[in-house]
Amino acid sequence: MKLTVRELAKRLGCPYEGDGELEISGCSSLEGGRAGAGDLVFLAPSQTASQARLRPLLEATAAGAAILPPGEAFDRLPVIRSENPHLAFIRAVEIFHRPFRPAPGVHPTAAVSPTAKLAPGVSIGALSVVGDEAEIGPGTVIFPLVSIYPRVRIGADCLLHSGVVVREDVRIGDRVVLHNGVSVGADGYGYLRGPDGGHLKIPQVGTVVIEDDVEIGANSAVDRAALGETVIRKGAKIDDLVMVAHNVEVGENALLVAQVGIGGSSKIGRGAILGGQVGVPDHIDIGEGAIAAAKSGITNDIPAGGFVSGSPHLDVRVWRKFWAAAPQLYGLLKEFKRLRARVEELEAELARLKNS
Amino acid sequence: MKLTVRELAKRLGCPYEGDGELEISGCSSLEGGRAGAGDLVFLAPSQTASQARLRPLLEATAAGAAILPPGEAFDRLPVIRSENPHLAFIRAVEIFHRPFRPAPGVHPTAAVSPTAKLAPGVSIGALSVVGDEAEIGPGTVIFPLVSIYPRVRIGADCLLHSGVVVREDVRIGDRVVLHNGVSVGADGYGYLRGPDGGHLKIPQVGTVVIEDDVEIGANSAVDRAALGETVIRKGAKIDDLVMVAHNVEVGENALLVAQVGIGGSSKIGRGAILGGQVGVPDHIDIGEGAIAAAKSGITNDIPAGGFVSGSPHLDVRVWRKFWAAAPQLYGLLKEFKRLRARVEELEAELARLKNS
Amino acid sequence: MKLTVRELAKRLGCPYEGDGELEISGCSSLEGGRAGAGDLVFLAPSQTASQARLRPLLEATAAGAAILPPGEAFDRLPVIRSENPHLAFIRAVEIFHRPFRPAPGVHPTAAVSPTAKLAPGVSIGALSVVGDEAEIGPGTVIFPLVSIYPRVRIGADCLLHSGVVVREDVRIGDRVVLHNGVSVGADGYGYLRGPDGGHLKIPQVGTVVIEDDVEIGANSAVDRAALGETVIRKGAKIDDLVMVAHNVEVGENALLVAQVGIGGSSKIGRGAILGGQVGVPDHIDIGEGAIAAAKSGITNDIPAGGFVSGSPHLDVRVWRKFWAAAPQLYGLLKEFKRLRARVEELEAELARLKNS
């Protein structure tokens, strides 16, 4: 696939400057120095330090053309201008780099129940299993080696990659992407302690509902509710190796970075962001738009808009002050003892002075 | 499935009050407000704050009937009385909500070795693999897309969900449940450092033994021993995304909450509880009934009955005091400097006084 | 498989002492007390406390023979002498304990694309999938239920265990071992925030390169680059449930212990060691040979040879001092108030004295 700068600018709906006949065949990052003569790069408006850091890479790049914001002076290469260079670049990436998608149809080695309902345009990969009365919406791609248990409902234009397992009765919306090895609907972790120290299983007979436009990363697990539903609301994005326990509700557009763990019945607010390896215990309420920095260990509810860090979590300002001070604690203990000795000496001297 | 309150009470072996002819068709939680007219709810004896919080939900519920402890005054709905309402409720859930279980038999697409031994009543799902000389006990269900390596022995009435892999020679007891994507018996992580900085693999030729009534959550991994056995003792319950390294022994009825990691050759005592994301290094001994709060980073042995928190872990009382004090450290450093200046001033004044 | 001590010593290229005709049939660890009459054990040179701890186990062992360093006095059993007893023991383990390896050939139930290229001696297990134009090198074993997407290239003598998924275009070197459930090449986690609070997916169209002699533990995930490559350099060893994000570079011979998470575009230096559950955010540079203790939460670059611990990470010496002092903070706050009161008393007394 090759496009001239002129053709590409037209498809992106953007103006261009310089040699419009130069041919572009791919996209590359300024970082890493991998861009070649046929590559397109971009630079976002240099408001941030990280962007400012990239400008010298633009000067040095071997790329063929660049997408730049209107104000950015540069004429060594053809330039496509965009108010939002990153967005225009994403569109260009989508033009040049088509990810692998299997053709529609059911592979002859797949084991599809005769009572499953497959919409037109569905692709069922080799050696995948679709259980009784499962329903799969139009355009959805089930890659090879996926297991769909009975009565699962999956919407339109979803991607379920190899190794995904969806347990019985789970409901999945449209345009949901489940990466390799994702488990949806496994039993939650609930037991009643018996008199002998043993654990009686609390039946996990609820389900999971995944709304539209959710993406879940490789080897993550979203457990079914004990009763009722575990819910991932629309637009939430979940990274790899994340654990979402039974009866959790993850809010619309929330972000759960890799290896986050959320305990049973907790609620993650709309647009909240949990950094990597954050842990949330059972029955916690994280407010709308709240942020927990990576590795936070949440110990109680976070109000809407809160920003916390640490384990146990602290308001991020308190946390920063604490850790700025922490390396001085060891010295402080020593100095404190010295000061106390000085005070004792003062007390003694004063006593001597009074008695003299 | 519908039962009258009278029939249900009889099956639960409990007395009831109110309209015994009311029909119940399912179970629901008081929390979440999802209960409908055909639902049964329950309330445990209100000894705890969380139970007290649920009582108003009972007043407001749209459920059809409730299981309550003997003392709990309530006559708006039919009531089934039980000394242990949660236990009675679990029995009711088991009556109304039967989880999906495939029928016995070997699916024609499964690849079962002719030398494998399948007991009567075994179910082998579509596209599952059972290796040479593997033995599977009566009533065990192998869901679709499970891989059983050669010479594995699995007991009776186990459930192995899609995506489970059991490596060669692993031995699994009765009534064991392995959820989606569980890996049992992968190589442990052991290397000998070579003179060139490279790592020589230490062969991992031991195995894993999982005793009766163990449950392991989605995408967890229990590695085989280098030599000898990694052992999960009976009744231990392991949550999702937990990592149990080579040669570990997890004690009877121990609980490992999600994302716990246990290093090689460590020993987790009987009935011990490791909270979510706890990390235990190599060669550590966690005593019987010990508790490590979520996110603890264990640094040395924990005695039986110990209760620790934090990373590095502290006795939980020390940990609580430390974190109660921690936010004051930053201010303390400032105040300390001020106090030291005052002491210096005092010293100077006293010297002047003595010299005057 | 049985060998006399004489035959075994010869195969190991080592001298022996005592009864050379004694038969050995396996290897065992001194720890755990499992060794029997036909077992070989070893003891490394007793420079460390842990080795010193093992010497009494040697006295008591029921093993048949031992590999010992030259200086170690012991004549109760036949002894094979080696300057590096652990290395010689590993060689013996490899002689007696052959791990299961399926025979070469393509299982009739595997779904191999007609355009895939399989080298001689390849084994493709039951119900595995090999996509279009994938290439698999000589001697490589694909166990059952593995999914290889199109255009993947895998070198010689690799092992891909059940549950492994390798996404399109990934390149894997020679002698690479991927344990159960490993995901290689799933999409990285990258989004552009939209004006409505939604997240626009940044296409993840790069790939993953895994060099020679890499081993990756069960259920770990290595994500493909947004553009360019995520790279695992030769000899790196990755434990279970580790997450390597897009565009990361893991250096030669680096060690990533279980449940480590590495954020996008970070670089782990040659021979660096990240302990269990360490978290590294995006765009971090960990220097050559640096060490992060278990559970470290890295907050900025670590220089070559650095050794850090804690979250936020501190130089390990500072971290040790801090945590030695930390349990005293609570008491210090109380004592500080008492001291301040004493200073105030002194100030008052001095004022009285001056005024008198």
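Remember, predicted model here, so these are calculated numbers, not experimental data. Just so we're on the same page: letters track the sequence lines, and every chain starts at 1. As a basis for the values below, the full set of heavy atoms in this structure was taken, side chains included, without hydrogen atoms, waters or symmetry mates.
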Next item on the list: Tell me, for C/Ile202 versus chain A, whether the close heavy atoms (under 4.5 Å) come from the side chain, the backbone, both or neither.
Entry: both
Next item on the list: For C/Leu314 and A/Pro327, work out which heavy atoms get closest and say how close.
Entry: CD2-CG, 4.2 Å
Next item on the list: Heavy atoms only, distances under 4.5 angstrom: which of C/Gly185, C/Pro203, C/Ser128 has the most pairs with chain A? Name it, please.
Entry: C/Pro203
Checklist line | N/O donor-acceptor pair under 3.5 Å between C/His199 side chain and A/Asn253 backbone | finding: yes
Item checked: Region of A/Phe89 that comes under 4.5 Å of a non-hydrogen atom in chain C -> side chain
Check: Tell me, side chain or backbone of A/Ala258 under 4.5 Å from chain C's heavy atoms, or both, or neither?
Finding: side chain
Item checked: Segment of A/Ser28 engaging chain C (4.5 angstrom heavy-atom cut-off) -> backbone
Checklist line | Student check: side-chain heavy atoms of C/Asn247 and A/Glu31 closer than 4.5 Å | finding: no
Margin query: Using every non-hydrogen atom in the two residues, find where A/Gln277 and C/Val260 come nearest and quote the distance to one decimal.
Written below: NE2-C, 4.2 Å
Next item on the list: Please test C/Lys201 against A/Ile90 for side chain to side chain contact (heavy atoms under 4.5 Å, CB included), starting from the C-alpha separation and ending with a verdict.
Entry: CA-CA 9 Å; C/Lys201 184 176 173 76; A/Ile90 285 173; over 6 Å; no
Margin query: Looking at chain C, which one of A/Leu329, A/Leu332, A/Val257 has the largest number of heavy-atom pairs inside 4.5 Å, strictly under?
Written below: A/Leu329
Check: So, the side chain of A/Asn219 versus the backbone of C/Val182: is there a donor-acceptor pair under 3.5 Å, distance only?
Finding: no
Next item on the list: Tell me, for C/Ser162 versus chain A, whether the close heavy atoms (under 4.5 Å) come from the side chain, the backbone, both or neither.
Entry: neither
Checklist line | Nearest-0.5 Å distance, CG of residue A/Leu346 to CD of residue C/Glu345 | finding: 13.0 Å
Checklist line | For chain C, the option from A/Glu94, A/Lys354, A/Glu347, A/Arg98 that forms the most heavy-atom pairs under 4.5 Å | finding: A/Glu347
Margin query: Below 30° counts as parallel, above 60° as perpendicular, anything between as tilted: where do the rings of C/Tyr149 and A/Phe100 land?
Written below: perpendicular
Note to self: Checking A/Asp239 against C/Met243 for the side chain to side chain contact (heavy atoms under 4.5 Å, CB included) test, could you report, in this order, the C-alpha distance in whole Å, the side-chain angles of both residues, the deciding distance, and whether it holds?
What the structure shows: CA-CA 10 Å; A/Asp239 201 348; C/Met243 195 277 174; 3.5 Å; yes
Next item on the list: Examine whether an atom of A/Leu256 lies under 4.5 Å from a heavy atom of chain C, and if so say whether it belongs to the side chain, the backbone or both; otherwise answer neither.
Entry: backbone
Notebook entry, point to check: Does the side chain of C/Arg167 come within less than 4.5 Å of A/His179's, by heavy atoms?
Noted result: yes
Notebook entry, point to check: What part of A/Arg34 lies closer than 4.5 angstrom to a heavy atom of chain C: side chain, backbone, both or neither?
Noted result: side chain
Next item on the list: Specify which of C/Pro312, C/Ser147, C/Ala325 makes the most heavy-atom pairs with chain A at under 4.5 Å.
Entry: C/Pro312
Note to self: Within a 6.0 Å radius of atom CZ on A/Arg101, are there more than 12 heavy atoms belonging to other residues, nucleotides or ligands?
What the structure shows: yes
Margin query: Between C/Val164 and chain A, with a heavy-atom cut-off of 4.5 Å, which part of the residue counts as in contact: side chain, backbone, both or neither?
Written below: neither
Next item on the list: Return the option, out of C/Leu127, C/Thr299, C/Leu241, C/Leu227, with the maximum number of heavy-atom pairs under 4.5 Å with chain A.
Entry: C/Leu227
Check: Between C/Ala221, C/Gly297, C/Ala324, C/Gly279, which shows the greatest number of heavy-atom pairs under 4.5 Å with chain A?
Finding: C/Gly279
Notebook entry, point to check: Of the listed residues (C/Glu229, C/Arg338, C/His283), which shares the most heavy-atom pairs with chain A below a 4.5 Å separation?
Noted result: C/Glu229
Margin query: Please classify the contact of A/Arg320 with chain C as side chain, backbone, both or neither, using a heavy-atom distance under 4.5 Å.
Written below: neither
Margin query: Pair C/Arg193, A/Leu255 - check side chain to side chain contact (heavy atoms under 4.5 Å, CB included), show working.
Written below: CA-CA 11 Å; C/Arg193 185 167 277 254; A/Leu255 298 177; 4.3 Å; yes
Note to self: Can you tell me which portion of A/Val177 sits under 4.5 Å from chain C's heavy atoms? Options are side chain, backbone, both or neither.
What the structure shows: neither
Next item on the list: Quick one: pull up CD1 in C/Ile298 and NZ in A/Lys295 and give me the separation to the nearest 0.5 Å.
Entry: 9.0 Å
Next item on the list: For A/Gln259 and C/Gln259, indicate whether the former's side chain and the latter's backbone hold a donor-acceptor pair under 3.5 Å.
Entry: yes
Note to self: Just verifying a value: how many Å separate C/Glu335 CD and A/Arg340 CZ, rounded to the nearest 0.5 Å?
What the structure shows: 4.5 Å
Checklist line | Pairwise distance CG(C/Asp196) to CD(A/Glu252) - rounded to 0.5 angstrom | finding: 9.0 Å
Item checked: A/Leu350 side, atom CG; C/Glu349 side, atom CD - distance, nearest 0.5 Å -> 5.0 Å
Check: Which region of C/Val280, side chain (C-beta onward) or backbone (N, CA, C, O), has a non-hydrogen atom less than 4.5 Å from a non-hydrogen atom of chain A, or is it both or neither?
Finding: neither
Item checked: Between C/Trp319 and A/Tyr330, ring centroids under 6.0 Å -> no
Checklist line | Option in C/Val318, C/Leu192, C/Asp315 with maximal non-hydrogen atom pairs under 4.5 Å from chain A | finding: C/Leu192
Note to self: I'd like to verify something: which residue of A/Arg270, A/His161, A/His97 has the highest number of heavy-atom pairs under 4.5 Å with chain C?
What the structure shows: A/His161
Check: Do C/Val165 and A/Phe143 have side-chain heavy atoms sitting under 4.5 Å apart?
Finding: no
Next item on the list: Check for a donor-acceptor pair, side chain of C/Tyr189 on one end and backbone N or O of A/Lys237 on the other, with a separation under 3.5 Å.
Entry: yes
Item checked: Between A/Gly235, A/Cys27, A/Gly163, A/Gly271, the one whose heavy-atom pairs under 4.5 Å with chain C are most numerous -> A/Cys27
Next item on the list: Mind checking the CG-NZ spacing from A/Leu333 to C/Lys321? Nearest 0.5 Å is all I need.
Entry: 12.0 Å
Next item on the list: Identify which part of C/Phe336 has an atom lying under 4.5 Å from any heavy atom of chain A, answering side chain, backbone, both or neither.
Entry: both
